[in-house]
Amino acid sequence: MATDLLIVGAGFAGLCLLERARRMGWNTVLLEAADGVGGTWYHNRYPGARVDIQSLEYSFGFSEALQQEWQWSERYSAQPELLRYANHIADRFGLRDAIELNTRVDGAVFDEEQACWHVRSTDGRSWTTRFLAMATGPLSTPNRPSFKGLDRFAGPVLHTADWPREPVDFRDKHVAVIGTGSSGVQAIPILAREAQALTVFQRTPAYAVPARNGPLDPVFEQRVKADYPGFRARNRRMRVGFGAEYPPNREKAVEVDEARRQQMFEERWRYGGFSFLAAFSDVLTDPVANEMAAEFLRGKIREIVRDPRTAELLSPRHTVGCKRLCVDTGYYETFNRPNVELVDVGTQPIDEIVERGVVTGGRTYPCDVLVLATGFDAMTGTLTRLDVRGRGGRTIAQAWQDGPVNYLGLMVAGFPNLFNLVGPGSTSAFTTMTVAIEQHVDWIADCIAYLAEHGKRTIEPTPQAQTQWVQTVNEAADETLFLTCNSWYLGANVPGKPRVFMPYAAGFPTYAKQCADVAADGYRGCVLA
Ligand code: NAP
């Protein structure tokens, strides 16, 4: 029997869409490759994994009962609590009977005559569905660099995004970590405490701002819960979908005196997290203001790290915020420990991995366990690896060979009735994920309902509307400083990937209005048939 909707992925986006589909009364199935729900929070079990947006903001608002009953224990929840939250959603809303676990989708073909999708899994099963929603996540395919000799390494090789379920015992072990992005920055302080010795291989130093994590303040929680809808609405008006409690400072760093500048940076540093980037309104747009923020952070590194050579090596030179800012707990302090060594592989890349070590700059650094904190083939990597064929048998990988193209980030020309959630061309990771997901779920649900009401079977964007949207996304990026460094936003972390700025940088309110306007205009830019 054909389903109305088939969802791929049981992470936060898939669960949220499934809950909505249930309320709409659609016959829906959700396929998930893993043996549990939770997506990101299922796979990223590395020590120290926790959210970098405050829990009260990184949570769903679609159910008042859910947001009232759920109790976060910390300001920034750790991975086990986020995984419990995903499981709670699956149980509380009775979603499990629509979810097929251990089911890895490997392809889907659009049937032009019947106007439906035939979806198949690696174990040979197949499904037919009217609508197909890819809730496969923007950060879900681990990036595993092909280091020479990696397969010869004698000990365990662990990727942060594919971490074992069983606890890993690092006692008496010499651990090597490659990568100092958000994952590495969270894992390194814990690994340093647990392991006998830790060697960190750093290609590009990271800017990190303290999370100031701690137990959730019950007074703040009560205040939020007294008017959760208002709290959500205020956050949806923010560019990033969060932070309304501590709004951006409207002053410009370049227009105030040095004392005021230091005072504001210091205030945000003390408050913690991403609020630092909102210390002044020009930090992310004016290179001079950005350098002032950068120098403040480098000053903090020099204050914290006792060895001047290590402090210098840890000090980034690129634009602050151009790679995602890391939110840490004790990251720089870790390099004061006697059992931690920092190795620069920015000037001298890793030559090879040998049976018991990592070789760079003519020296072998011994290790028993290798941790790859090397990130993801972000935003496109999961979809382009699937054999998803639209009209004329064209695959997503072919359509996106020069970088992702789509309309509103949601639909691709030539792939009717296929929706992509929180991927390229939408604000995605530039917004707190739960806000981005709920907006996509609302839009998709309204769109499917509209088609039914108007007796239409399919929707797809026109190539012209798509081209225009890609241009809109590029123009938004051109107005920022995001193009000035090698980040996963640009695909620059994966050798050979087209260098295209993938998320939409115009801010959540602008994006949400553009999506709403398209819907209000009867899905302007789309062919409904
Ligand atoms: P990432 O930011 O892409 O960092 C990967 C690190 O590995 C970088 O330091 C990179 O160096 C290094 N690397 C990659 N290939 C290498 C190679 N061949 N040799 C040496 N070093 C190499 O990945 P991530 O840390 O997993 O984070 C990705 C995103 O996931 C984050 O930006 C964030 O959006 C999300 N995330 C969030 C949290 C959180 O706090 N909630 C935690 C983890 C992840 P280069 O910088 O030189 O490329």
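Note that ligands are numbered from 1 as they come in the structure, with each ligand's atoms numbered from 1 the same way. If you read the sequence from its start, that first residue is 1, and numbering goes on from there.
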Margin query: Strictly by side-chain hydrogen bond (donor to acceptor under 3.5 Å, both in side chains), give each pair with a member in residues 343-353 just once, sequence neighbours left out.
Written below: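 Listed once each, the pairs are Arg152-Glu352, Asp344-Thr347.
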Check: Does Glu295 pair with Arg302 as a salt bridge, N-O distance under 4.0 Å?
Finding: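 Judged by the 4.0 Å cut-off on N to carboxylate O distance, Glu295 and Arg302 do form a salt bridge.
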Checklist line | Cation-pi geometry met for Arg45 and Tyr42 (6.0 Å, 45°) | finding: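 Yes - Arg45 lies over the ring of Tyr42, closer than 6.0 Å to its centre and within 45° of its axis.
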Item checked: Phe296 six-ring face occupied by Arg268 cation (under 6.0 Å, within 45°) ->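 Pair Arg268/Phe296 does not count as cation-pi.
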Check: For Cys485, what residues pass the disulfide bond (SG atoms under 2.5 Å apart) criterion, not counting sequence neighbours?
Finding: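 Checked Cys485 against disulfide bond (SG atoms under 2.5 Å apart); matches are Cys322.
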Check: Can you list the residues that meet the salt bridge (charged side-chain N to carboxylate O under 4.0 Å, His left out) rule with Glu32, with sequence neighbours excluded?
Finding: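 With neighbours one apart ignored, the set is empty.
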Next item on the list: Report all protein residues having a heavy-atom distance below 4.0 Å to some atom of ligand 1; order the list by chain, then number.
Entry: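 Heavy-atom contacts below 4.0 Å: Tyr46, Arg50, Val51, Asp52, Leu139, Pro145, Phe147, Ile178, Gly179, Thr180, Gly181, Ser182, Ser183, Gln186, Arg203, Thr204, Lys323, Arg324, Ala373, Thr374, Gly375, Phe376, Trp488.
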